Amino acid sequence: MPRLTAGQKHIVRFILNGRPAAGEAEPRLLLSDFLRHVIGATGTHVGCEHGVCGACTITIDGAPARACLTLAVQAEGCDLRTVEGLAPAPDRLGVLQAAFRRHHALQCGFCTAGILMSLDTFLRDHPQPGEAALRDLLSGHLCRCTGYTPILRAALEAAAELARNPEGAAHA
């Protein structure tokens with residue numbers, strides 16, 4: 001890897017939601033800002049800028065990560081997935097997204113992208129989660145509007161649907 005110099009821009013190449021992407025970034029630019037302002041993937045929100053609220057959660061090589069704690073240059077060669085990659089088609093919601101809609105599991109929507117990304121990965125790895133496990137996962141996300149109950153209901157419904165129909169998985 002070439003030596004990175006402060007102030008000098010570097011081309012960062014990666015896969016974003018299944019498609020090749022690239023952009024210029026200074027070594028100190030956060031991945032959350034890079035995705036929003038350079039690449040135009042504005043679904044990733046920045047809340048606390050300290051990795052606490054979970055709003056900026058994306059997946060990097062299949063694992064959940066806080067984009068506000070990751071430098072853009074660290075994404076070089078990685079496979080990134082943002083909330084924009086959850087829907088199977090522009091006019092169709094993914095399983096999780098549809099469950100959130102049915103259960104009114106969002107109000108202002110600011111935290112929703114990060115919660116969806118964490119749940120997507122969690123349900124892939126834990127196809128039949130219990131309520132306690134989902135509550136534990138949600139404890140890493142700050143939502144000021146919903147009270148979490150509709151989010152929990154939506155997650156449980158999506159898990160049940162994905163267990164019945166794995167081909168319809170939001171994470172496929």
Side-chain angles (χ1 to χ4, degrees), residues 12-23 31-47 53-68 70 72 75-131 133-138 140-141 143 145-146 148-172:
V12 181
R13 292 175 182 82
F14 52 97
I15 302 298
L16 178 62
N17 299 321
R19 295 189 170 148
L31 183 55
S32 54
D33 294 329
F34 178 71
L35 288 170
R36 289 184 63 78
H37 304 296
V38 176
I39 302 301
T42 57
T44 301
H45 295 157
V46 181
C53 74
C56 68
T57 303
I58 63 169
T59 62
I60 300 175
D61 293 334
R66 304 289 206 226
C68 76
T70 306
E76 175 67 36
C78 293
D79 185 357
L80 306 182
R81 192 160 182 230
T82 65
V83 70
E84 291 94 343
L86 289 183
D91 61 343
R92 224 172 95 219
L93 296 176
V95 172
L96 272 168
Q97 294 167 311
F100 267 57
R101 184 178 188 183
R102 281 190 298 278
H103 287 274
H104 307 286
L106 62 120
Q107 287 182 23
C108 81
F110 196 81
C111 65
T112 307
I115 291 172
L116 286 169
M117 294 308 297
S118 289
L119 282 169
D120 181 65
T121 305
F122 187 77
L123 294 178
R124 178 195 67 204
D125 297 339
H126 304 89
Q128 296 180 341
E131 186 175 325
L134 288 170
R135 284 182 184 277
D136 187 53
L137 174 80
L138 292 173
H141 292 272
C143 176
C145 299
T146 67
Y148 297 95
T149 300
I151 294 171
L152 184 60
R153 286 184 190 140
L156 287 167
E157 179 184 292
E161 185 175 337
L162 291 170
R164 285 190 308 273
N165 182 15
E167 290 81 34
H171 41 265

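FYI, the numbering just counts along the sequence from 1. The analysis underlying the following values was restricted to heavy atoms, covering all of them including side chains, and did not include hydrogens, waters or symmetry mates. Here the structure is a predicted model, which is why all the values come from computation and not from measurement.
In this view, Ala67 and Leu31, Ser32, Thr44, Cys56, Ile58 satisfy the side chain to side chain contact (heavy atoms under 4.5 Å, CB included) rule, not counting sequence neighbours. Partners of Gln107 under the side chain to side chain donor-acceptor pair (under 3.5 Å) rule, at least two apart in sequence or in another chain, do not exist in this structure. Residues passing the side chain to side chain donor-acceptor pair (under 3.5 Å) test with Asp33: none are found, sequence neighbours excluded. Qualifying side chain to side chain donor-acceptor pair (under 3.5 Å) partners for Thr82, counting only residues two or more places apart in sequence or in other chains: Asn17, Glu84. For the ring-ring contact (aromatic ring centres under 6.0 Å, His included) test, no residue two or more places apart in sequence or in another chain qualifies with Phe100. Taking the side chain to side chain donor-acceptor pair (under 3.5 Å) definition, one finds that Arg13 meets it with nothing, sequence neighbours left out. With sequence neighbours left out, the ring-ring contact (aromatic ring centres under 6.0 Å, His included) criterion links Phe122 to His126. With sequence neighbours excluded, the residues that form a side chain to side chain contact (heavy atoms under 4.5 Å, CB included) with His141 are Thr57, Arg66, Ile115, Ser118. Qualifying side chain to side chain contact (heavy atoms under 4.5 Å, CB included) partners for Ala159, counting only residues two or more places apart in sequence or in other chains: Leu123, Pro129. Not counting sequence neighbours, the partners of Glu157 by the salt bridge (charged side-chain N to carboxylate O under 4.0 Å, His left out) test are Arg102. Applying the side chain to side chain contact (heavy atoms under 4.5 Å, CB included) criterion to Arg92, with sequence neighbours excluded, gives Pro88, Ala89.
Put simply, CD on Glu131 and CG on Leu152 are 4.5 Å apart, with the number rounded to the nearest 0.5 Å. Separation of atoms CD1 (Ile151) and NE2 (His103) is listed at 12.0 Å; rounding is to 0.5 Å. If you take OG1 on Thr112 and CZ on Arg101, they are separated by 13.5 Å, rounding to the nearest 0.5 Å.
Exactly one residue among Thr59, Asp61, Asp120 makes a side-chain hydrogen bond (donor to acceptor under 3.5 Å, both in side chains) with Arg81. That residue is Asp120.
Not one N or O on the side chain of His45 forms a donor-acceptor pair closer than 3.5 Å with the backbone of Ala55. The closest donor-acceptor contact from the side chain of Arg36 to the backbone of Val46 lies at 3.5 Å or more, if one exists at all.
Contact record, Gly47 with Cys53: CA-SG, 3.7 Å, taken as the closest heavy-atom pair. Of all heavy-atom pairs between Pro20 and Ile15, the closest is CA-CD1, 3.8 Å. Between Pro64 and Thr121, the closest heavy-atom pair is CD-CG2, 3.6 Å. Minimum heavy-atom separation, Ala72 to Val12: O-CG1, 3.4 Å.
Looking only at side-chain heavy atoms (C-beta outward), Leu134 and Leu119 come within less than 4.5 Å of each other. Counting heavy atoms from C-beta outward, Asn165 and Val95 have side chains that stay 4.5 Å or more apart.
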